[in-house]
Q: 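The structure under discussion is supplied below as structure tokens; questions concerning it will follow.
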There are 2 protein chains.
Amino acid sequence: MKKFSRKRNAILGALRASKEHPTAEMLYAQLKPEYPDLSLGTVYRNLAMFKEEGTALSVGVVDGQERFDGWTEPHSHFICEGCGSVSDIECKAGDGLCEAVSERFGVRATRYELTFRGLCAACMKS
Amino acid sequence: MKKFSRKRNAILGALRASKEHPTAEMLYAQLKPEYPDLSLGTVYRNLAMFKEEGTALSVGVVDGQERFDGWTEPHSHFICEGCGSVSDIECKAGDGLCEAVSERFGVRATRYELTFRGLCAACMKS
DNA sequence: GTCTGTGCAAATTGTTTGCACGCAA
DNA sequence: TTGCGTGCAAACAATTTGCACAGAC
């Protein structure tokens, strides 16, 4: 039976409140002041749990660190190759895409990720 | 000035010949018999170089290991969450997508990745 | 009291790097 | 001969894990 935990709650809250698609370290750094005895391992453990149960999802690994997203509605992402920032992209391009792929390739595709790469507005200036 | 190297050539050849979107370790294991003095570091170094110059590209990190692709024409991927296999998906969905995203979000999107996830045919049976 | 959640630090693992030597130009 | 390419092993860094204790039920 899964029990309540104040820290787990705080981690999920911080993840959902963030728009920067944070890494485990970012969440840890952000929560550490309020929870001085928080441990990085706990952040990793809970993020893995969220991902497993679908409460959160992974945007992928950017510059060697996994980025997480607390917004689970279908949407796309833009990753800046200059500064590594990740932002949301509204893009309702592909309803029925999974069905089409599943049928055509003999698999069961349950979801897809559409990720754009390039330079963000800030990095375009430099 | 960049010089020719027999091993680099072999690595690129093996990558291009493979359909399994191999990891650095997979390529190393495959080439080791023919090149007994091949080193894993060399495989990593050359893959990084290929990625940098656009000769090859990264499919992303699957189960903690980066998967590479020697086929650089635009196409999509299917990743099986059961066995971690990666396969190509023909999908010419989005011409003009980058332009649309760039304009709408004020960034310069130069490419995008469309990745499906689910279960492959083999894993569906179990 | 029982059993899940956590801190802590050590262990693991994919990847990178420094250095001396090998090989292409 | 010049200098890039490589083997090797050590270094690194993100993540995982074992264990004893804390906190939720």
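As the structure is a prediction and not an experimental result, all values here were calculated from the model. Every chain is numbered from 1 and lettered A, B, ... according to where its sequence line falls, protein lines coming before strand lines.
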Q: Using heavy atoms and a sub-4.0 Å distance, could you list which residues of residues 26-37 of chain B are near DNA chain C? By number, please.
A: none

Q: Enumerate the side-chain hydrogen bond (donor to acceptor under 3.5 Å, both in side chains) contacts for residues 8-20 of chain B, please, sequence neighbours excluded, ordered by first and then second residue.
A: B:Arg8-B:Asn46

Q: Any chain of hydrophobic side-chain contacts (each under 4.5 Å) joining A:Tyr112 to A:Phe105?
A: yes

Q: Do any N or O atoms from the side chain of B:Ser102 and from the backbone of B:Ala109 form a donor-acceptor pair under 3.5 angstrom?
A: yes

Q: Set out, line by line, the N/O atom pairs under 3.5 Å between protein and nucleotides 23-25 of chain C.
A:
| from | atom 1 | to | atom 2 | distance (Å) |
| --- | --- | --- | --- | --- |
| C:dA24 | N3 | B:Lys3 | NZ | 3.2 |

Q: Under the side-chain contact (heavy atoms from CB on, under 4.5 Å) rule, collect the residues that match up with A:Val62, sequence neighbours excluded.
A: A:Arg67, A:Ile79, A:Val86

Q: Less than 4.0 angstrom from a charged side-chain N to a carboxylate O is my criterion; do A:Glu99 and A:Arg108 meet it?
A: no

Q: Any protein N or O atoms within reach of nucleotides 14-20 of chain D? Criterion: under 3.5 Å, listing atom names and distances.
A:
| from | atom 1 | to | atom 2 | distance (Å) |
| --- | --- | --- | --- | --- |
| D:dA14 | OP1 | A:Gln65 | OE1 | 2.8 |
| D:dT15 | OP1 | A:Glu66 | N | 3.0 |
| D:dT15 | OP2 | A:Tyr44 | OH | 2.4 |
| D:dT15 | O5' | A:Tyr44 | OH | 3.4 |
| D:dG18 | O6 | A:Arg45 | NH1 | 3.2 |

Q: Does B:Met1 or B:Leu38 map to a spot on DNA chain D nearer the 5' end, using the closest nucleotide for each?
A: B:Met1

Q: Could you walk me through whether A:His75 and A:Ile89 pass side chain to side chain contact (heavy atoms under 4.5 Å, CB included), step by step?
A: CA-CA 6 Å; A:His75 64 285; A:Ile89 295 284; over 6 Å; no

Q: Keeping A:Lys51 on the side-chain end and A:Ser58 on the backbone end, is there a donor-acceptor pair under 3.5 Å?
A: no

Q: Would you mind reading off the distance between A:Lys7 atom NZ and C:dT4 atom P, rounded to a whole angstrom?
A: 18 Å

Q: Rounded off to whole Å, could you give me the CG-to-P distance for the B:Asn46 and D:dC4 pair?
A: 15 Å

Q: Measure the distance from CE on A:Met49 to C1' on C:dT6 and round it to the nearest whole Å.
A: 11 Å

Q: Between A:Ser76 (side chain only) and A:Thr115 (backbone N and O only), is there a donor and an acceptor less than 3.5 Å apart?
A: no

Q: So does A:Leu38 get a backbone contact from the side chain of A:Lys7, meaning a donor-acceptor N/O pair under 3.5 Å?
A: no

Q: How many Å lie between CD on A:Glu52 and C1' on C:dT4, as a whole number?
A: 16 Å

Q: B:Thr55 and B:Glu53: side-chain donor and acceptor closer than 3.5 Å?
A: yes

Q: May I have the list of side-chain donor-acceptor pairs in residues 116-126 of chain B shorter than 3.5 Å, sequence neighbours left out?
A:
| from | atom 1 | to | atom 2 | distance (Å) |
| --- | --- | --- | --- | --- |
| B:Arg117 | NE | A:Glu113 | OE2 | 2.6 |

